[in-house]
**Student:** 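Below is the structure I would like to discuss, written out as structure tokens.
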Amino acid sequence: MPLIYVLADMEEAGTKIDKDRLAELSKELGRELETLQTRIYAIAGETFNINSPRQLGKILFENLGLKPGKKTKTGYSTGMDVLEDLARTHELPREILNYRTFYKLKTTYVDALPKLINETTGRIHTSFNQTVTATGMLSSSEPNMQNIPIRGEWGTRIREVFIADKKCVLISADYSQVELRVLAHMSNDRGLIDAFKKDIDIHTRTASELFNIPAEEITPDMRRMAKTVNFGIIYGISPFGLSEALNIPPKEAGIIIEQYFEKHKGVKDYIDNTLSAARNNGFVTTLLGRKRPVPEINSSNPNIRQQTERMAINTPIQGTAADLIKIAMINIWNGLKKQRLKTRMILQVHDELLFEVPENEIEDAKKLIKCGMENAIKLSVPLKVDIGAGKNWAEAH
DNA sequence: CCCTTCACG
DNA sequence: ACGTACGTGAAGGGT
């Protein structure tokens, strides 16, 4: 439980934010949304509540006669993957997706964050919750600082409003491929261990194995597919899940999975052993002994059973990565105290730590952080940390 | 208060 | 024949 002092300090420190810049972004998003709304009503031929999946479903599938891909319990699905498919045959779904992106950014982040600025400190103080998740990860609420946008132009623009205090910089340090490294260790898979020891690009290497061609000939698209496969392994892969993610037939996805396990017998054995242990014990454990009960592992309902099997495969990996960064946080927090540094840990985002660092401490802090993270636990493969500094969160990355 | 959707790792 | 990728939190709609 020594982590609790670290979390308390992080919450108390908070994060500085550029309120004026947020107000500008809000205006700009408001204008974008108005334009999109006008365009959407023109295409639809009528006005409606774009934020209502029900009303939108009526427009798309009844008025315009588009083919409903999937259904939900309550009606037509209008989720991202459905609209992405429809966008190939009609211009409305693309505009809806654009609208939703901007609406999300405006309401969930740009307009919500200023309301949570503490009047005394002028900063945002999230809550880090230690007793919420089933895997041992932290969660963050009011606001959730672990799902701040990062992708695309607007992700960058939003991260730029998280800034360092006067005479300080932000330092961001994140683990590279930590879950796959944990898998390499726990499965003792020769191929994975070899790749990480040699610091080879893991997705390119997987692509090379799956497509049976040299790494130099791997295209970005092949690498993207391999990356999806690697994530899939950690999630407890299934042909259906992979086929959905890659937009290919389940049969092909099944062949790819077989290919993977053919090249990674260690991973295959590890998964089999994890599942049989789960069936015998009724729980799974992380490397450090954290347990998660999986009472439904022997359920007679195949859906529930398979879902539990995916949990049982994922939890030891995700949970070990969570344990690992928690140890790093405690070590770094102790190190900062011992060295009498004013550097403050301010955020944890699962595999990333963010610090506010006085300019004269940058070199010392970098050394301490990188070292603390890379040596949190001794694994059979090295842990790798990427670290950067900047005046805002976007620059620090 | 549940459902759907979508932001992040 | 069925229906899923793992883990979170927040906003808005609709009952």
Side-chain angles (χ1 to χ4, degrees), chain A residues 48-57 70-84 96-97 99-113 115-116 126-152 154-155 158-159 174-180 183 228-247 250 253 257 284 292 294 301-322 325 347-353 393:
Chain A
F48 63 103
N49 187 342
I50 304 169
N51 296 314
S52 162
R54 205 173 134 209
Q55 293 182 37
L56 175 63
K70 275 192 274 184
K71 276 191 209 164
T72 64
K73 291 171 199 169
T74 51
Y76 308 114
S77 169
T78 70
M80 199 148 60
D81 42 352
V82 172
L83 294 190
E84 206 65 58
I96 300 288
L97 285 168
Y99 180 93
R100 282 195 179 152
T101 303
F102 287 124
Y103 194 86
K104 183 74 162 189
L105 297 178
K106 184 168 192 290
T107 56
T108 306
Y109 304 101
V110 174
D111 289 347
L113 287 169
K115 297 175 192 163
L116 292 163
T126 185
S127 295
F128 283 108
N129 316 301
Q130 209 180 355
T131 56
V132 169
T133 67
T135 54
M137 298 162 71
L138 296 179
S139 86
S140 157
S141 55
E142 285 183 296
N144 181 354
M145 287 298 293
Q146 294 182 321
N147 74 345
I148 301 297
I150 187 170
R151 292 159 199 163
W154 277 91
I158 289 174
R159 290 231 166 184
D174 65 285
Y175 281 116
S176 165
Q177 313 294 356
V178 64
E179 290 186 342
L180 285 172
L183 174 64
T228 305
V229 172
N230 279 330
F231 274 109
I233 296 295
I234 291 167
Y235 291 158
I237 203 161
S238 74
F240 281 96
L242 186 65
S243 72
E244 286 283 312
L246 285 177
N247 247 315
I257 293 169
V284 291
R292 177 178 186 175
V294 284
N301 179 330
N303 286 336
I304 294 182
R305 190 175 65 244
Q306 286 161 19
Q307 189 186 353
T308 310
E309 287 172 353
R310 293 195 296 272
M311 270 181 208
I313 293 164
N314 174 262
T315 294
I317 302 168
Q318 193 178 115
T320 299
I325 195 168
L347 292 178
Q348 188 249 44
V349 191
H350 308 304
D351 64 357
E352 172 192 7
L353 297 175
W393 200 0

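Below, chains carry the letters A, B, ... as their sequence lines are ordered, and counting in each starts from 1.
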**Student:** Rounding to an integer number of angstrom, what distance separates C:dA1 and B:dC6 when you compare their C1' atoms?
**Tutor:**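 Result for the C1' pair: 31 Å, nearest Å.
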**Student:** Which residues pass the ring-ring contact (aromatic ring centres under 6.0 Å, His included) test with A:Phe128, sequence neighbours left out?
**Tutor:**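 Once residues adjacent in sequence are excluded, A:Phe128 has no partner under the ring-ring contact (aromatic ring centres under 6.0 Å, His included) criterion.
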**Student:** Which residue pairs pass the salt bridge (charged side-chain N to carboxylate O under 4.0 Å, His left out) test when at least one of the two sits in residues 306-315 of chain A, sequence neighbours left out?
**Tutor:**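 Output for this query lists A:Arg279-A:Glu309.
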**Student:** Treating primed atoms plus P, OP1 and OP2 as sugar-phosphate and everything else as base, which nucleotides of nucleotides 3-9 of chain C get B, S or - for protein heavy atoms under 4.0 Å?
**Tutor:** BBBBSSB
**Student:** Can you sort out the partners of A:Leu97 under side-chain contact (heavy atoms from CB on, under 4.5 Å), two or more places apart, ordered by chain and number?
**Tutor:**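 Partners of A:Leu97 under the side-chain contact (heavy atoms from CB on, under 4.5 Å) test: A:Met80, A:Leu83, A:Glu84, A:Arg94.
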**Student:** Give a yes or no answer on whether the side chain of A:Tyr76 reaches the backbone of A:Leu56 with a donor-acceptor pair at less than 3.5 Å.
**Tutor:**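 Absent.
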**Student:** Rounded to whole angstrom, note down the P distance from B:dA7 over to C:dG3.
**Tutor:**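 Each nucleotide's P atom is 26 Å from the other's.
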**Student:** For atom P, what is the distance between B:dC3 and C:dT4, given to the nearest Å?
**Tutor:**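 These two P atoms come out 14 Å apart once rounded.
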**Student:** Can you find a heavy atom in the side chain of A:Asn147 that is under 4.5 Å from one in the side chain of A:Tyr109?
**Tutor:**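 Yes - at least one pair of side-chain heavy atoms lies under 4.5 Å apart.
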**Student:** Would you say the side-chain atoms of A:Gln55 pair up with the backbone N or O of A:Ile50, donor to acceptor, closer than 3.5 Å?
**Tutor:**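 No, A:Gln55 side chain to A:Ile50 backbone: no donor-acceptor pair under 3.5 Å.
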**Student:** Among A:Thr101, A:Leu105, A:Thr108, which residue satisfies the side-chain contact (heavy atoms from CB on, under 4.5 Å) criterion with A:Pro149?
**Tutor:**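 The option that passes is A:Leu105.
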**Student:** Mind checking which nucleotides bracket the chain A contacts on DNA chain B, 5' to 3', with an atom under 4.0 Å from a heavy atom?
**Tutor:**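 Listing 5' to 3', DNA chain B meets chain A from B:dC3 to B:dG9.
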**Student:** Determine, stepwise, if the pair A:Asp81 / A:Lys70 fulfils side chain to side chain contact (heavy atoms under 4.5 Å, CB included).
**Tutor:** CA-CA 10 Å; A:Asp81 42 352; A:Lys70 275 192 274 184; 2.9 Å; yes
**Student:** Is there a donor-acceptor pair under 3.5 Å between the side chain of A:Ser243 and the backbone N or O of A:Ala253?
**Tutor:**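 Absent.
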**Student:** In which ranges does DNA chain C form stems of 3 or more consecutive Watson-Crick or G-U pairs, distances under 3.5 Å?
**Tutor:**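 Runs of three or more consecutive pairs: B:1-9 with C:6-14.
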**Student:** How long is the span from the CE atom in A:Met311 to the CD atom in A:Gln318, to the nearest 0.5 Å?
**Tutor:**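 The distance works out to 11.5 Å.
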**Student:** Measure from the side-chain N and O atoms of A:Thr126 to the backbone N and O of A:Asn144, and report whether any donor-acceptor pair falls under 3.5 Å.
**Tutor:**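 Not a single qualifying donor-acceptor pair exists.
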**Student:** Check every strand shown and say whether A:Gln55 touches a base, only sugar-phosphate, or nothing at a heavy-atom separation below 4.0 Å.
**Tutor:**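 Result for A:Gln55 = sugar-phosphate.
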**Student:** Return the value, rounded to whole Å, for the distance between atom NZ of A:Lys73 and atom C1' of C:dT15.
**Tutor:**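 So the NZ-C1' distance, A:Lys73 to C:dT15, works out to 16 Å.
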